[in-house]
Amino acid sequence: MKKLKNEAQLVKKAIQVGESYAKNRGYAAFSAQTSANQKVESLYRLLVLDKLVVALPPDKEDLPGMKHKLAIWMDKMLPADHPLKEAS
């Protein structure tokens with residue numbers, strides 16, 4: 001798995017956008033005690049369920065892989081001129 005440029009920042013942005021997406025889908029907001037890792041897993045599973053992200057194989061499903069998938073999703077969602085957008 002090739003790491004994206006600005007992957008950590010893309011994951012943070014994906015969590016922000018994903019929380020709004022989940023709330024619009026009718027899910028309750030995350031509590032203040034919810035860890036970032038729990039948010040990543042929940043958002044990854046929601047996006048897979050909605051077919052916005054391709055699921056990892058079950059034996060490769062781990063937190064770094066989920067974060068990478070969220071970063072890829074966010075990279076594709078951002079406009080071309082966004083500062084976090086990876087230069088091709």
Side-chain angles (χ1 to χ4, degrees):
M1 146 173 74
K2 183 182 171 196
K3 194 163 177 109
L4 296 172
K5 182 178 176 183
N6 300 325
E7 187 162 329
Q9 293 89 347
L10 285 168
V11 170
K12 284 183 183 181
K13 185 71 171 171
I15 290 172
Q16 291 174 341
V17 172
E19 284 186 68
S20 296
Y21 175 77
K23 195 172 180 184
N24 289 338
R25 287 266 284 114
Y27 290 93
F30 290 112
S31 70
Q33 291 80 23
T34 306
S35 73
N37 291 345
Q38 289 172 321
K39 290 178 184 179
V40 166
E41 184 172 355
S42 298
L43 293 172
Y44 165 79
R45 295 198 186 285
L46 175 63
L47 294 173
V48 167
L49 181 69
D50 289 350
K51 297 185 186 334
L52 297 174
V53 170
V54 177
L56 292 164
D59 61 325
K60 306 262 189 208
E61 202 170 73
D62 59 1
L63 193 61
M66 291 179 193
K67 285 183 177 182
H68 185 70
K69 288 288 189 174
L70 288 180
I72 291 170
W73 172 71
M74 195 71 261
D75 189 56
K76 289 180 181 179
M77 297 290 291
L78 292 173
D81 61 342
H82 195 280
L84 290 178
K85 188 74 172 171
E86 183 173 27
S88 299

**Message:** Minimum heavy-atom separation for L56 and M66, please, with both atom names.
**Reply:**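 Of all heavy-atom pairs spanning L56 and M66, the closest is CD1-N, 3.8 Å.
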**Contact summary for L70 and A14, nearest pair of heavy atoms** =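 That closest heavy-atom pairing would be O-CB, 3.7 Å.
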**Message:** Check R45 with E61, please: is the shortest side-chain N to carboxylate O separation under 4.0 Å?
**Reply:**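 Yes, E61 and R45 are salt-bridged.
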Measure the spacing between [atom1] of [X] and [atom2] of [Y] and express it to the nearest 0.5 Å.
X	Y	atom1	atom2	result
D75	Q9	CG	CD	12.0 Å
L47	R25	CG	CZ	9.5 Å
Y44	L52	OH	CG	12.5 Å
K67	I15	NZ	CD1	7.5 Å
Y27	Y21	OH	OH	8.5 Å
L46	E41	CG	CD	12.5 Å

**Item:** Side-chain heavy atoms of S20 within contact of K23, under 4.5 Å
**Value:**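 Contact flag for S20/K23 side chains = no.
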**Message:** What I'd like to find out is whether the side chain of V17 reaches to under 4.5 Å of the side chain of M77, using heavy atoms alone.
**Reply:**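 No, too far: nothing below the 4.5 Å cut-off.
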**Message:** Applying side-chain contact (heavy atoms from CB on, under 4.5 Å) to V54 and K69, what does each step give before you reach the verdict?
**Reply:** CA-CA 8 Å; V54 177; K69 288 288 189 174; 4.1 Å; yes
**V53/I72 under side-chain contact (heavy atoms from CB on, under 4.5 Å): CA gap, chis, key distance, verdict** = CA-CA 9 Å; V53 170; I72 291 170; over 6 Å; no
**Item:** Of K13, K39, K12, the residue whose pairing with E19 passes salt bridge (charged side-chain N to carboxylate O under 4.0 Å, His left out)
**Value:**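 Testing E19 for a salt bridge (charged side-chain N to carboxylate O under 4.0 Å, His left out) against K13, K39, K12 leaves exactly one candidate, K39.
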